[in-house]
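In each ligand, atom 1 is the first atom listed, and ligand 1 is the first ligand listed.
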Amino acid sequence: MQAACMECGTQVGLERKPMQYHCGICGGILRIVHDFSQVDAARLKRVFDERRGMRNSIAASGVWRYKELIAPELQDDVVVTRNEGNTGLYEPAPVKDFAGVRRLYLKAQSENPSGSFKDNGMAVAVSHGKWLGYSTFACTSTGNTSSSLAMYAAIAGIQATVLVPSSEVSPNKVLQTLAYGATVNTFGGTYDDGIRWLSINAEQQGMYVCNSVNPLRIEGQKSIIFELAHDLEWQLPDWIVLPGGALSNAAALGQGLHDLYTLGFINRLPKVAVIQAEGASPFHRMVAASHRTLTPEPKPSTRASALNIGNPPSWLKALRMLEMTEGVTAAVSDAEIMEAKACVDRSGIGCEPASAAAVAGLRKLVRNGIIAPEETAACILTGSMLKDTDAIREFHMDGVPSAPPLLRNTIRSVTLSSCDGIMVK
Ligand SMILES: *Cc1c(COP(=O)(O)O)cnc(C)c1O
Ligand SMILES: [Zn+2]
C-alpha cells in the first residue's frame with residue numbers, strides 16, 4: 001500500500017509499522033495512491049450491483065462493497081465491519097422547498113451504525129491499523145470520530161483512547177464513546193490542540209492515530225460518493241453540498257470523484273459546495289480571498305460542535321477538490337444552521353446541527369444566485385439528530401438562537417381529567 005505526499009510527491013509505504021501520517025521530507029499530508037491500471041469499470045459496476053443484495057459477507061457493507069477502489073491490499077480477515085454505509089437517500093419536499101432547488105437528495109450518513117459518516121472512514125482505518133499489528137488506537141475528536149472509533153474498537157477487541165476537548169462537545173457523543181468502553185480523556189483546549197498532541201506523542205505511545213490525517217480514513221470515506229453515485233445509477237446531481245470542519249469529507253469527496261471520473265464510472269463531475277460555520281470558517285475565508293495558504297482561526301466558535309475546528313488538517317486536499325470540480329464555499333451563521341436543522345428534523349429525516357449547515361449553505365447559495373433554482377443537488381447529512389439533544393431543547397423549548405415560530409414545537413402540559421386541549425394543534 002502506497003501513499004504520496006500532497007506537497008512534494010514523495011512516496012511512502014504504508015505496509016508496516018511505524019505508521020506514517022506525514023511526509024518525512026517536507027511534513028506534508030499523505031494521500032493513498034492506487035494502481036488502477038487493471039480495473040475494468042464495466043465489470044466492477046456489475047460486481048458492485050451483485051454485492052448490493054448480499055448479506056453475511058463483507059460485501060454487505062457500503063464501504064467494503066467497493067474494496068477494489070479503496071484498499072485492495074487488505075486481507076478479508078483483518079477487515080472490521082458493522083455494515084456501515086448502506087444509508088438512505090431521500091427527497092423530502094419541505095427541505096427541497098426550503099433550499100430552493102428543482103431536485104434535492106439527502107444522503108443520510110446519519111444512519112451509520114454509530115450515527116455519523118465517520119464510520120465509513122473508521123472501518124478502513126481500524127482494519128489497516130490491525131493489519132499493521134497495532135493494538136491501541138487513538139484519536140482526538142469533537143465527538144463523532146471518538147464514538148466511531150470506540151464502536152469499532154469494541155467490535156474488533158482492541159483498545160481505544162480518545163482525547164475530547166472539555167468544552168463545546170455534545171455530551172451525547174462523549175457518553176456514547178464511554179458506553180462503548182473507550183478510555184475517554186477530556187482536556188482543556190481545542191480539537192486543534194489534541195491533533196498537535198497526537199502528532200508528537202502517538203507513535204512513542206504505540207498508538208495508531210485514527211484522525212483524518214490518516215489517509216486510510218479518507219479512502220474509506222470515498223465510499224460515500226461511490227454509494228451515492230451507485231444509488232443514482234452513476235448519474236450525479238449538478239451539486240454536492242457538504243459541511244466542512246476538518247475537511248476530511250471534502251477531501252474524500254474529491255478523491256472519490258476523481259476515481260469515478262478517471263475510471264469512467266461517471267462521465268461528468270458535479271460541482272461541490274463546502275459549507276462552514278461562520279465562527280469556524282478559515283477555509284471559506286481563504287477561498288473567498290483567493291489565497292492558497294490557510295490562516296488558522298485561533299478561537300473557533302460555533303454551536304455546530306462538529307465544525308468547531310480552526311486549523312483543518314485536510315485543507316490542501318479540499319482545495320484541490322474545489323479546483324477540480326469548480327466548486328465553491330460559503331459560511332452560514334448558527335441561526336441559519338439551526339433553522340435548517342429544524343426543517344430537516346421536521347421532514348422526518350433529522351440531523352445534527354453540523355449536517356444542517358449543508359442545507360443552510362445550499363439555501364444561501366441559491367439566494368445569492370450561485371446555484372440556479374433549475375439545478376439539482378445532494379446534501380450529505382453527516383450525523384444523526386440524536387447526537388446533540390441539547391440543540392433540540394435549546395431551539396424548541398428555549399427558542400434560541402432566534403427560532404422562527406413556524407418551525408418551533410413545544411411540549412404542552414395537560415390534565416387528563418378533561419378532554420380540553422388534548423387535540424392535534
Ligand atoms: C466530522 C463531522 C463533520 C465535519 O467533517 P470534516 O470531515 O471534519 O470536515 C460534519 N458533521 C458531522 C456530524 C461530523 O461528525
Ligand atoms: Zn513532502
Side-chain angles (χ1 to χ4, degrees), residues 3-12 20-31 87 107-112 114-122 139-149 169-170 172-173 176-177 191-192 195 210-214 217-218 220-222 224 241-255 272 274-277 280-284 300 302-318 321 329 337 341 344 350-361 379-388 391:
C5 172
M6 287 294 291
E7 308 264 4
C8 74
T10 298
Q11 299 261 328
V12 179
Q20 271 189 256
Y21 310 93
H22 292 98
C23 169
I25 309 289
C26 79
I29 55 168
L30 305 177
R31 68 181 171 85
T87 59
K107 181 67 172 157
Q109 291 305 110
S110 46
E111 293 173 2
N112 263 301
S114 85
S116 85
F117 79 87
K118 300 299 197 300
D119 294 346
N120 293 64
M122 197 59 74
C139 72
T140 189
S141 175
T142 61
N144 281 336
T145 303
S146 66
S147 309
S148 183
L149 172 56
V169 172
S170 160
N172 305 67
K173 300 177 185 179
Q176 185 185 7
T177 306
Y191 169 91
D192 308 298
I195 290 282
C210 291
N211 280 107
S212 53
V213 288
N214 181 331
R217 276 271 313 279
I218 308 289
Q221 283 168 209
K222 287 190 323 194
I224 299 169
V241 188
L242 79 172
L247 298 169
S248 75
N249 220 11
L253 189 58
Q255 197 56 50
V272 176
V274 177
I275 315 298
Q276 294 205 290
S281 53
F283 185 66
H284 168 65
T302 169
R303 183 62 189 78
S305 52
L307 305 182
N308 204 25
I309 292 170
N311 192 9
S314 294
W315 69 266
L316 180 59
K317 291 179 177 176
M321 178 282 292
T329 61
I337 289 173
K341 171 180 153 56
V344 175
C351 67
E352 69 167 276
S355 320
V359 174
C379 290
I380 312 291
L381 293 186
T382 46
S384 149
M385 69 193 291
L386 294 177
K387 284 287 195 171
D388 190 345

| Atoms of ligand 1, numbered as shown, that sit under 4.0 Å from any heavy atom of Leu247 | 6 (P), 7 (O), 8 (O), 9 (O)
| note | Candidates Thr382, Leu242, Asp388; heavy atom nearest atom 12 (C) of ligand 1 found on Thr382
| request: Give a yes or no on whether Cys26 keeps an N, O or S atom under 2.8 Å from the Zn ion (ligand 2). | output: yes
| query | How does Asn249 reach ligand 1, by side chain, by backbone, by both or by neither, if only non-hydrogen atoms under 4.0 Å count? | reply | both
| field | Location of contacts on Leu307 toward ligand 1, heavy atoms closer than 4.0 Å | value | side chain
| Test side chain to side chain donor-acceptor pair (under 3.5 Å) applied to Gln109 and Asn120, Asp119, Thr382, the passing residue | Asn120
| said: Quick one: does any side-chain atom of Lys317 pair with a main-chain N or O of Ala250 as donor and acceptor, under 3.5 Å? | reply: no
| Rounded to the nearest 0.5 Å, how far apart are CD of Gln221 and CD of Gln255? | 12.5 Å
| request: Looking only at distances, please establish whether an N/O atom of ligand 1 is found under 3.5 Å from an N/O atom of Asn144. | output: yes
| At the Zn ion (ligand 2): angle between Cys8 atom SG and Cys23 atom SG, to 10 degrees | 110°
| task | Show which atoms of ligand 1 fall inside a sub-4.0 Å distance from at least one heavy-atom site of Gly244. | result | 9 (O)
| query | Nearest heavy-atom pair of Thr87 and Ala108: which atoms, and what distance? | reply | CB-O, 3.1 Å
| message | With heavy-atom distances below 4.0 Å as the criterion, list the atoms of ligand 1 near Gly383. | response | 13 (C)
| request: Identify, by atom number and element, the atoms of ligand 1 in contact range of Phe117, meaning under 4.0 Å from any of its heavy atoms. | output: 1 (C), 2 (C), 3 (C), 5 (O), 7 (O), 14 (C)
| said: Any side-chain to backbone donor/acceptor pair from Ser141 onto Ser146? Under 3.5 Å, distance only. | reply: yes
| request: Distance to 0.1 Å, residue and atom name: give those for the protein heavy atom nearest to atom 7 (O) of ligand 1. | output: Ser248 OG, 2.5 Å
| query | What's the spacing between Lys173 NZ and Lys118 NZ if we round to 0.5 Å? | reply | 7.0 Å
| field | Option with minimal heavy-atom separation from atom 2 (C) of ligand 1, where the choices are Glu352, Lys118, Lys387 | value | Lys118
| Which distance, rounded to the nearest 0.5 Å, do you find between the CG of Asp388 and the OG of Ser305? | 5.5 Å
| message | Looking at Asn311, is its backbone amide N or carbonyl O close enough to the side chain of Asp192 to form a donor-acceptor pair, meaning the two atoms are under 3.5 Å apart? | response | yes
| request: Using distance alone, determine whether Ala246 and ligand 1 share an N or O pair under 3.5 Å. | output: yes
| query | For the side chain of Ser170 and the backbone of Lys387, is there at least one donor-acceptor N/O pair under 3.5 Å apart? | reply | yes
